[in-house]
Amino acid sequence: MLRSRILSTGMYVPTKRVTNEDLSKIMDTSDEWIRQRTGIEQRFWVDGGEATSDLALKASELAIQRAGVEKSQIEMIILATLSPDHEFPGTACFLQKKLGIPGIPSLDVRQQCTGFIYSLSIADQFIRNGAYKNILVVGAEVHSKGLEMSDHGRDVTVLFGDGAGAVVLGAVDVKDPEKESHILSTHLHADGTFAEELWTPAPGTGNSEFRVGAKELEEGLHWPKMNGKTVFMHAVKRMPEALEEGLKANQLCVSDIDLFVFHQANLRINDMIAKQFEIPEHKVFNTIQKYANTTAATIPIGLDEAVRAGKLKKGMLVASAAFGSGFTWGSAIYRF
Ligand code: ACO
């Protein structure tokens, strides 16, 4: 049967390391508060000119090289980001230009922290139906250029890092689904009722006169706003639901999964999920301590780090789940 397989992974984070201590010099926060509430110890931010597509390019080039395919064999680009290079066109088009592979479809996915799972799911459908053989799937963010560096913005600013992760998804003829690497299933959800619990209002046509004008800037509508407690409450409900849905769809139980690579919003969220499902610590791969929340990039970064750390090997059964702005949430079960 025709299925999709993760052929390779790649990641890139910028070189400027920003510790919690560094942030406490520019806003009223502390290493202790950030570590205790989130688990984050540091993050990497761009230092100057790099755009989201620049980070995406570096992660993509690695993934393509490791997949053993030529750039010209990539038949579609799907890029998830909430921090696009520009309002339009989509960042996938800027990435395509930098990769030098014109003509193939390039698609932006705007599903925030669930963006990678949505992208993987879209790519999986295109491969399953025989449309494409190799699809580049990327999650990339430059958050640091859109964060409010002040006491007022501290609740959001301390949470986010810049980074990119990529995978090449390839078509395979799977004969033994119990053993051969492939995407088993993906499960996607959203509830726009909560769209304004975590959002950046401007620029946007939802504003009164201009997408962004003096009024919007004065009111700080171009900075992200988050109702942290509500997001937390929903995350610890929806991520387990999505995970359970994925396991049930494949008649698997928690102990069948070799590695859990969850979205990285808060270490406390992932710890609560691990506790609820009685997942042993060594089976959950977290990177938030090092990279903070890189939104659409957390899962592909996690996969690449896990490979390089020797924790993720070919043939292992992996479960990913994510929750984020929208609200959006979802899961993916795959044999790596
Ligand atoms: N440093 C120091 N103090 C702070 C900071 C900070 N950076 N931020 C907030 N505080 C203060 C608050 O002002 C508050 O002070 P008060 O008690 O005097 O009013 C106190 O710390 C407690 O604030 P809470 O918001 O109650 O802290 P909480 O324990 O809820 O933790 C956090 C906040 C970490 C943001 C948590 O709510 C969380 O992780 N929420 C989920 C975030 C998330 O999952 N986002 C989704 C992904 S992002 C995406 O999709 C784009």
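Ligands are counted one by one from 1 in listed order, and the atoms in each one are counted from 1 as well. What's counted below: heavy atoms across the whole structure, side chains too, no hydrogens, waters or symmetry copies.
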Does the protein place any heavy atom closer than 4.0 Å to atom 48 (S) of ligand 1?
yes
If we number the atoms of ligand 1 from 1 as shown, the ones under 4.0 Å from a heavy atom of Asn293 are 47 (C), 48 (S)
Who passes side chain to side chain donor-acceptor pair (under 3.5 Å) against Lys71, sequence neighbours left out?
none
If you compare Glu32, His143, Met226 by their heavy atoms, the one closest to atom 35 (C) of ligand 1 turns out to be Met226
Give the table of side-chain donor-acceptor pairs shorter than 3.5 Å for residues 111-120, with sequence neighbours excluded, one pair per line with atom names and distance.
| from | atom 1 | to | atom 2 | distance (Å) |
| --- | --- | --- | --- | --- |
| Gln112 | NE2 | Arg110 | O | 3.4 |
| Gln112 | NE2 | Ser325 | O | 2.9 |
| Thr114 | OG1 | Thr328 | O | 2.9 |
| Thr114 | OG1 | Thr328 | OG1 | 2.7 |
| Tyr118 | OH | His189 | O | 2.9 |
| Ser119 | OG | Gly115 | O | 2.7 |

Closer than 4.0 Å to some heavy atom of Gly228 - which atoms of ligand 1 meet that?
37 (O), 40 (N), 41 (C)
For residues Glu141 and Ser83, is any side-chain donor paired with an opposing acceptor at under 3.5 Å?
yes
Please confirm whether Met27 approaches ligand 1 to less than 4.0 Å, judged on its heavy atoms.
no
Below 4.0 Å from any atom of ligand 1, is there a heavy atom belonging to Thr157?
no
Which option wins on minimum heavy-atom distance to atom 33 (C) of ligand 1: Phe160, Trp199, Trp33?
Trp33
Using a strict cut-off of 4.0 Å, indicate which atoms of ligand 1 neighbour a heavy atom of Leu82.
51 (C)
Only one of Val138, Leu136, Leu169, Ile135 passes side chain to side chain contact (heavy atoms under 4.5 Å, CB included) with Ile78, and that residue is Ile135
Name the orientation class of the two ring planes belonging to Phe327 and His234 (parallel below 30°, tilted from 30 to 60°, perpendicular beyond 60°).
tilted
Ignoring hydrogens and angles, state whether a donor on the side chain of Ser121 or Asp124 is under 3.5 Å from an acceptor on the partner side chain.
no
